[in-house]
Amino acid sequence: MKIIYHGHACFELEADGHRIIIDPFINGNTHTKVKVEDIKVEAVLITHAHGDHFGDAIQIAKNNNAPIIGVYEVVSYAMSQGVSGSPQHIGGAHEYPFGRVKLTIAHHGSHLEGVGELGNPCGFLVTMGGKTVYHAGDTGLFYDMKLIGEMNNIDAALLPIGDNFTMGIDDAVKAAEFLQPKVAIPMHYNTWDIISADPEEFVRKVEEKGIKGIVIPVDGEIEI
Ligand code: NI
Ligand code: MN
């Protein structure tokens, strides 16, 4: 599987000729060079309704005739805007042509500016091409990550490290210890000053715990 990072919490996952995007915050994300019209995906996954995650989801879904996947409340709103959707909810998994998506808890909010509260935020366990990626969404540290790690063979964990709105570095290191992924990848940092964090510090600390850490540069990619 190929993991492509567009900064903040936005990743594209590609395996077996299938490609999806998670939390497509492109416009307003000053770090990525990618253009919304260049995104070619078959599904758009959204962890929660905050603008830095919902982002350009509607436009990307329209451009690609791709469904929006997330919690019922977020997906219902998206469908009211004229795109297709596949509502799920926390704890539930669904098989799609590209792979399997299971929703996990996340401790955070899910308010969309000008619209209102759109249910609970979530994280995703995405299995494609025999690899499982855990995208934590925006969340604080929670002990059930240990359970998620015990019940899933996680190849890559995408963990927020920027603090203030989510886990900071030390909590994200503890999250990695709970999850025991083959590789831990930092996200949700340095987009704005208030979430500035050194991803190399995260890598150093996670490797002290025996877990491989990789910083994917913005618009860079790795193969897992
Ligand atoms: Ni958020
Ligand atoms: Mn966020």
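Counting starts at 1 for both ligands and their atoms, following the listed order.
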Inset, instruction - Check ring-ring contact (aromatic ring centres under 6.0 Å, His included) between Tyr96 and all other residues, then give those that pass, not counting sequence neighbours. - result: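 Expected list: His94, Phe98.
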Legend entry - Angle, ND1 of His50 through the Ni ion (ligand 1) to NE2 of His108 - 10° precision: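 Once rounded, the angle between the two atoms at the Ni ion (ligand 1) is 90°.
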Legend entry - Minimum-distance atom from the Mn ion (ligand 2) among N, O or S atoms of Asp52: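 Relative to the Mn ion (ligand 2), the closest nitrogen, oxygen or sulfur of Asp52 carries the name OD2.
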Inset, instruction - Have a look at Asp138 and say which of its N, O or S atoms is nearest the Mn ion (ligand 2). - result: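 Closest to the Mn ion (ligand 2) among those atoms: OD2.
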Legend entry - Output field: ring centroids Phe11/His6 closer than 6.0 Å: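 Ring centroids of Phe11 and His6 are no less than 6.0 Å from each other.
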Inset, instruction - Would you please indicate yes or no on a ring centroid separation below 6.0 angstrom for Tyr72 and His89? - result: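 When the ring centroids of His89 and Tyr72 are compared, they turn out to be at least 6.0 Å apart.
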Inset, instruction - May I ask you to decide if the ring planes of Trp192 and Phe165 are parallel, tilted or perpendicular, using 30° and 60° as cut-offs? - result: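 Rings of Trp192 and Phe165: perpendicular, as their planes differ by over 60°.
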Inset, instruction - Confirm or rule out an N/O/S atom of His53, from backbone or side chain, lying less than 2.8 Å from the Mn ion (ligand 2). - result: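 Given the 2.8 Å cut-off, His53 counts as a ligand of the Mn ion (ligand 2).
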Inset, instruction - Verify the distance test for His188 against the Mn ion (ligand 2): any N/O/S atom under 2.8 Å, yes or no. - result: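 It does; at least one qualifying atom falls short of 2.8 Å.
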Legend entry - Cluster link Ile154 to Tyr143, ILVMFWY, side chain under 4.5 Å: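 The answer is yes; both residues are in one hydrophobic cluster.
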Legend entry - the Ni ion (ligand 1) to nearest N/O/S of His48 below 2.8 Å: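 Yes, within the cut-off.
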Inset, instruction - Measure from the Ni ion (ligand 1) to each N, O or S atom of Asp138 and report whether any distance is below 2.8 Å. - result: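 Yes.
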Legend entry - Selection residues 99-113 - residue pairs positive for side-chain hydrogen bond (donor to acceptor under 3.5 Å, both in side chains), sequence neighbours left out: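 Only His48-His108, His50-His108, His108-Asp138 qualify under side-chain hydrogen bond (donor to acceptor under 3.5 Å, both in side chains).
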